[in-house]
There are 2 protein chains.
Amino acid sequence: MTDKQVAILQTALELFSNKGFYAVSTNLIAKEAGVSEGLIFRHFQNKVGLLNAVMQMGKEKVEPLLASIIELPDSAKRVQAIMELPFHIGEQDYPFWRLIYSLKWQNDFYDDEMSKPTKDILVKALTELKYADADAEADLIMSYVDGFATTVLLKRDSINTAKLLETLRKKYIQ
Amino acid sequence: MTDKQVAILQTALELFSNKGFYAVSTNLIAKEAGVSEGLIFRHFQNKVGLLNAVMQMGKEKVEPLLASIIELPDSAKRVQAIMELPFHIGEQDYPFWRLIYSLKWQNDFYDDEMSKPTKDILVKALTELKYADADAEADLIMSYVDGFATTVLLKRDSINTAKLLETLRKKYIQ
DNA sequence: AATGTAAGTAAGTAATTGCTTACAAATGTA
DNA sequence: TACATTTGTAAGCAATTACTTACTTACATT
């Protein structure tokens with residue numbers, strides 16, 4: 001990967017996540033990245049190809065995070081880790097997660113499969129913890145996580161997310 | 001309001017909420033609504049004006065819902081009603097709520113003020129219920145609600161929302 | 001040094017964008 | 001009936017869209 005290729009990917013991520021895929025033109029991306037517009041199409045075929053490359057780059061950064069959770073020996077700790085996931089997103093990964101969540105709401109790009117591995121970990125852990133209905137419990141926690149992610153990614157300026165995590169922990173950790 | 005004006009508003013709501021504001025052209029809206037494109041601009045000045053009118057229409061349908069919650073005499077019931085809000089959205093109001101939530105993720109349209117009245121009700125109720133930190137508790141519940149809304153609006157086909165509500169109630173209602 | 005390949009650009013392309021204009025039909029009001 | 005206003009349309013507008021073409025520059029391999 002050349003410098004300009006990286007520049008295109010990074011500015012595209014930044015712009016897509018802040019304004020949305022359709023609101024950003026390839027012309028703008030090229031200008032902000034300091035490259036010619038044609039280069040985008042040389043490297044990524046078309047605009048959707050660029051989006052896919054941006055997503056791929058993000059996923060590769062995220063996968064190890066989930067892998068490290070699977071390795072936790074304590075089931076309860078695994079559940080806790082997933083529930084607190086949004087609070088431990090590094091600032092540098094915010095644009096990627098904002099992109100994920102904004103694309104959720106657009107029919108053309110909605111991908112239900114992405115969250116499945118996370119839910120599977122939850123169901124397995126909750127079953128081990130003898131929950132009567134592990135699946136329903138997992139769905140509930142997945143909803144929580146979506147809510148926490150929304151708050152962390154959109155309201156970090158207006159609300160104290162550290163305190164939010166503290167309040168959450170008081171409820172679930174004895 | 002004429003029939004065609006209503007047709008424009010309804011198709012715009014449907015298209016905006018499914019594909020996003022920038023992904024939908026005024027040309028498409030006009031075609032789907034069965035009117036000339038010019039009529040959109042006659043009635044709503046410009047595309048953003050149309051979006052505002054769509055939002056206004058939705059808000060007017062939603063406000064009475066919040067008003068009826070305020071009138072509940074029991075503080076705990078008020079908290080419960082807000083927490084369960086997403087589960088009681090009528091199917092006919094899904095497009096409006098999907099639009100609200102999708103716009104949240106676009107910088108140009110993000111409006112933090114919209115959820116404030118709801119949070120205020122929560123803080124007041126939780127204070128009455130003698131919560132030590134009513135504000136933090138309210139923020140947590142607001143996060144829950146965002147998560148439930150996301151689930152209900154996006155995953156109603158793949159998960160059982162009735163069961164989700166049941167599981168939630170087992171946790172919070174004794 | 002010669003040559004093939006990848007990286008990069010400038011200047012286009014047709015199609016679509018949001019929006020305007022000029023005019024006609026419908027509707028209300030005296 | 002006459003006239004004013006609102007509702008509606010068809011055709012066109014400049015600007016922008018995603019994408020292509022024709023070309024040059026840089027770099028690796030023999």
Side-chain angles (χ1 to χ4, degrees), chain A residues 1-58 60 95 99 102-103 105-111, chain B residues 1-58 60 95 99 102-103 105-111:
Chain A
M1 276 229 285
T2 67
D3 289 358
K4 303 214 164 185
Q5 223 169 131
V6 174
I8 291 169
L9 282 170
Q10 274 174 346
T11 39
L13 172 58
E14 199 64 42
L15 290 170
F16 285 161
S17 74
N18 281 325
K19 307 189 171 201
F21 178 73
Y22 289 109
V24 174
S25 68
T26 49
N27 181 327
L28 178 65
I29 296 168
K31 259 182 196 151
E32 295 273 296
V35 304
S36 66
E37 201 179 346
L39 195 59
I40 292 174
F41 296 92
R42 155 125 309 167
H43 286 309
F44 307 102
Q45 285 78 253
N46 51 41
K47 200 184 168 187
V48 172
L50 173 58
L51 176 64
N52 288 334
V54 165
M55 294 286 283
Q56 189 55 41
M57 183 181 63
E60 274 161 19
L99 179 59
S102 70
L103 289 180
W105 296 93
Q106 297 207 311
N107 260 355
D108 340 6
F109 300 116
Y110 179 68
D111 181 14
Chain B
M1 275 227 287
T2 68
D3 290 357
K4 303 213 165 184
Q5 223 170 131
V6 174
I8 291 169
L9 282 171
Q10 273 173 347
T11 39
L13 171 58
E14 198 65 42
L15 289 170
F16 285 161
S17 74
N18 281 325
K19 307 188 169 200
F21 178 75
Y22 288 109
V24 174
S25 68
T26 49
N27 181 327
L28 178 65
I29 296 168
K31 260 184 196 149
E32 296 272 296
V35 304
S36 66
E37 200 180 346
L39 195 59
I40 292 174
F41 296 91
R42 157 126 301 159
H43 285 308
F44 307 102
Q45 285 78 254
N46 51 41
K47 199 184 168 186
V48 173
L50 173 57
L51 175 64
N52 288 333
V54 165
M55 294 284 286
Q56 189 54 41
M57 184 180 62
E60 274 162 19
L99 179 58
S102 71
L103 289 179
W105 296 93
Q106 298 208 313
N107 259 356
D108 337 8
F109 299 115
Y110 179 67
D111 181 14

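Any value given below was found using the heavy atoms of this structure, including those in side chains, with hydrogens, waters and symmetry copies removed. A note on names: the letters A, B, ... follow the listed sequences, proteins ahead of strands, and every chain is numbered from 1.
Residues A/Phe16 and A/Ile29 meet the side-chain proximity criterion, which asks for heavy atoms closer than 4.5 Å. Taking the side chain as every heavy atom from C-beta outward, B/Gln56 and B/Glu60 approach each other to under 4.5 Å. Considering only heavy atoms from C-beta on, A/Leu99 comes within 4.5 Å of A/Leu51 through its side chain.
The side-chain hydrogen bond (donor to acceptor under 3.5 Å, both in side chains) check on A/Glu37 picks up A/Thr26, with sequence neighbours excluded. Applying the side-chain hydrogen bond (donor to acceptor under 3.5 Å, both in side chains) criterion to A/Asp108, with sequence neighbours excluded, gives A/Tyr22. A/Glu32 meets the side-chain contact (heavy atoms from CB on, under 4.5 Å) test with A/Thr11, A/Leu15, A/Leu28; sequence neighbours excluded.
If you walk DNA chain C from 5' to 3' and mark each nucleotide with an atom closer than 4.0 Å to a heavy atom of chain A, the marks span C/dA7 to C/dT9.
Using a 4.0 Å heavy-atom criterion, one finds that B/Val24 contacts the sugar-phosphate atoms exclusively.
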Scan the side chains in residues 38-49 of chain A for donor-acceptor partners under 3.5 Å anywhere in the protein, sequence neighbours excluded, and list what turns up.
unit_1	atom_1	unit_2	atom_2	d
A/Asn46	OD1	A/Val48	N	3.4
A/Asn46	OD1	A/Gly49	N	2.8
A/Lys47	NZ	A/Phe21	O	3.0
A/Lys47	NZ	A/Val24	O	2.7

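Non-hydrogen atoms lying under 4.0 Å from DNA chain C are contributed by nothing in residues 8-23 of chain A.
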For nucleotides 6-10 of chain D, print each protein N/O atom paired with a nucleotide N/O atom at under 3.5 Å, atom names and distance only.
unit_1	atom_1	unit_2	atom_2	d
D/dT7	O4	B/Arg42	NH1	3.2
D/dG8	OP2	B/Thr2	OG1	3.1
D/dG8	OP2	B/His43	NE2	3.0
D/dG8	O3'	B/Lys4	NZ	3.4
D/dG8	N7	B/Arg42	NH1	2.9
D/dG8	O6	B/Arg42	NH1	2.7
D/dT9	OP1	B/Lys4	NZ	2.8
D/dT9	OP2	B/Ser36	N	2.9
D/dT9	OP2	B/Ser36	OG	2.8

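Note: CD (A/Gln45) to P (D/dC19) measures 11 Å, nearest angstrom. Straight-line distance from the CG atom of A/Asn46 to the P atom of D/dC19: 5 Å, rounded to whole Å. Between B/Asn27 atom CG and D/dT17 atom C1' there is a gap of 14 Å when expressed in whole angstrom units.
Regarding contacts with the backbone of D/dT17, a side-chain N or O of A/Ser25 is found under 4.0 angstrom from either OP1 or OP2.
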